[in-house]
Structures are given as C-alpha cells and as structure tokens.
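Taking it in order: structure first as structure tokens, then the write-up.
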Amino acid sequence: MVVPMAVPPVEKRFQTLCQITRAQHFAWREALVRSCPDADVVAVTGRMWEVAGRDTAQAYVKRIDRARPLAAQVADGIVWSSQSMGEDATVEAGASDREAYVRHRACPWVDWHRKLGILGEDRPGCDTWFRATVDEVNRALGTRLVVETLETLPDGAPSCLRRIREAP
C-alpha cells in the first residue's frame, strides 16, 4: 500500500517552488553548456536576463502612478518581486523623491551561483536585469531613470545596494 505524502503548508510549498524555479534556471544553463559547447554561456545568460527585465518592467509600468515619485515606485516593485522570491530586500529613501535605493541583504541567487562555482556570473546577471528593467520603464513612460550598482554580495559587500534615480 502506498501512503500518500502529507501536503505541506502553503508557505513551505511556495518556498519550495521558488527553489525549483531557481534550480530550473541553472538546469537550463547546464543544458546550454552541454548542448552548445561553443556557445558564449555568459552572453546567452545575459540575454535571458535582458528579456526577464523587459518583461518584469512591463508588469511594473501597469502599476505606476505618474503623480507619485517614479524612482521609489520602481524600487518598491523590485523589492516586492525580490521578497516574493524569498530574497531579503528593502527600499531605502534617497536624499530627494527623485531617488531611492534597493538593498538586498541576502539572496538565494548568490547562494546558487556560489554553490555551482559560477559566482562571477551573479553580479553581471543582476546588473543586466536591473538595467533592462529600468530601460524598459523609460521606454514605456518616456522617462530618464538610471540604476547604479554601489555594492554587491558577490563582491564581498554586506549587501547588494543599487541606487535608482531620475536623471536631470
């Protein structure tokens, strides 16, 4: 007789799903390496992060209120997405309403990259995703947001810190 496994609580299932999603990304990367040994894996992965950033921004744009400060809204969207995926992320106010900061104190993506011996791919992937997200918001809204990476976990800093600001 087969005894069915107990269904875990929703939060546990969601955490597991997030890990499965990350595992799928790295399985895809491994399949690329094995199937296309001459491919520039870093370039292809970068392109994937560009596409993901573009698609993410399209979701953010639908929720942006043009009457409110833009940098903080984009930072809020990024932190919401990050927290939804199990990352320790917060928004920090800037010196004015034309800037906001996104801080990640912990990130499972860094852990996966480190575990797989490809830590050097973590920051470029994130930088590409952030840039593509901000570029797509700018394209859709006719704005001039800029994102700057100030520190990162893979580089040994205590957090990843990115500044999002409206360019003059």
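Start at 1 with the first residue, then count along the sequence.
A pairwise comparison of heavy atoms in Val74 and Tyr60 identifies O-CE1, 4.5 Å as the closest pair. Between Cys18 and Ser84, the shortest heavy-atom contact is SG-O, 3.7 Å. Closest of all the heavy-atom pairs between Tyr101 and Gly94 is CE1-CA, 3.7 Å. A pairwise comparison of heavy atoms in Val91 and Ala100 identifies CG1-CB, 4.5 Å as the closest pair. When all heavy atoms of Arg34 and Pro37 are compared, the closest pair comes out as O-CD, 4.0 Å. Nearest heavy atoms, Ala89 versus Gln83: O-NE2, 2.7 Å.
Without hydrogens or angle criteria, Arg54 side chain to Trp129 main chain gives no donor-acceptor distance under 3.5 Å. Remark: the backbone N or O of Arg68 is paired with a side-chain donor or acceptor of Gln73 at under 3.5 angstrom. Side-chain N or O atoms of Arg144 include one that pairs as donor or acceptor with a backbone N or O of Pro168 at under 3.5 Å. Checking side-chain atoms of Ser96 against main-chain N and O of Arg98 turns up a donor-acceptor pair under 3.5 Å. In this structure a side-chain-to-backbone donor-acceptor pair under 3.5 Å is missing from Asp155 to Ala157.
The other residues sharing a hydrophobic cluster with Leu153 are Val110, Leu119, where clustering joins ILVMFWY side chains under 4.5 Å apart.
The distance from the CG atom of Asp65 to the CZ atom of Arg63 is 13.5 Å, given to the nearest 0.5 Å. For the atom pair Phe26 CZ and Arg29 CZ, the distance stands at 8.0 Å (nearest 0.5 Å). We find the OG1-CG distance between Thr21 and Leu17 to be 4.5 Å, quoted to the nearest 0.5 Å. For the atom pair CG (Asp88) and OG (Ser82), the distance works out to 10.0 Å, reported to the nearest 0.5 Å.
Looking only at side-chain heavy atoms (C-beta outward), Val33 and Trp28 stay at 4.5 Å or farther from each other. Under the 4.5 Å side-chain criterion, counting only non-hydrogen atoms from C-beta, Ile164 is not in contact with Val146. Proximity of Ile78 to Phe130: side-chain heavy atoms (C-beta onward) are separated by under 4.5 Å at one or more points. With contacts defined as side-chain heavy-atom distances shorter than 4.5 Å, the pair Met48/Val51 does not qualify. In this structure, the side chains of His104 and Thr152 stay at 4.5 Å or more apart for every pair of heavy atoms. The shortest side-chain heavy-atom distance between Cys160 and Arg103 does not fall under the 4.5 Å cut-off.
Aromatic ring centres of Trp109 and His25 lie closer together than 6.0 Å.
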**OP:** Give the intermediate values and the outcome of side chain to side chain contact (heavy atoms under 4.5 Å, CB included) for residues Arg66 and Ile64.
**Re:** CA-CA 6 Å; Arg66 296 297 297 263; Ile64 288 177; 4.2 Å; yes
Original post:
What's the verdict on salt bridge (Lys or Arg N to Asp or Glu O under 4.0 Å) for Arg162 and Asp127, showing C-alpha distance, side-chain angles and the deciding distance?
Top reply: CA-CA 9 Å; Arg162 289 179 172 85; Asp127 284 346; 3.0 Å; yes
Original post:
Could you go step by step and tell me if Asp111 and Arg114 meet the side chain to side chain contact (heavy atoms under 4.5 Å, CB included) rule?
Top reply: CA-CA 5 Å; Asp111 300 337; Arg114 185 176 288 117; 3.8 Å; yes
**OP:** Starting from the C-alpha separation in whole Å, work towards a yes-or-no answer on side chain to side chain contact (heavy atoms under 4.5 Å, CB included) for Thr90 and Arg105.
**Re:** CA-CA 8 Å; Thr90 56; Arg105 287 188 174 77; 3.5 Å; yes
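Using a 4.0 Å cut-off between a side-chain N of Lys or Arg and a carboxylate O of Asp or Glu, Glu99 and Arg163 qualify as a salt bridge. With respect to the salt-bridge test (charged N to carboxylate O, under 4.0 angstrom), the residues Glu50 and Arg131 qualify. Classification of Arg123 and Glu151 as a salt-bridged pair fails, no side-chain N sitting under 4.0 Å from a carboxylate O.
Grouping the Ile, Leu, Val, Met, Phe, Trp and Tyr side chains by contacts below 4.5 angstrom, directly or via other members, places Leu150 apart from Leu145. When the side chains of ILVMFWY residues are joined at heavy-atom separations under 4.5 Å, either directly or via intervening members, Val61 and Leu70 end up in a single hydrophobic cluster. Note on Trp49 and Ile118: same hydrophobic cluster, where clusters join Ile, Leu, Val, Met, Phe, Trp and Tyr whose side-chain heavy atoms are under 4.5 Å apart, directly or indirectly. By the rule that hydrophobic residues join a cluster once side-chain heavy atoms approach within less than 4.5 Å of another member, Leu161 and Val134 end up as members of separate clusters.
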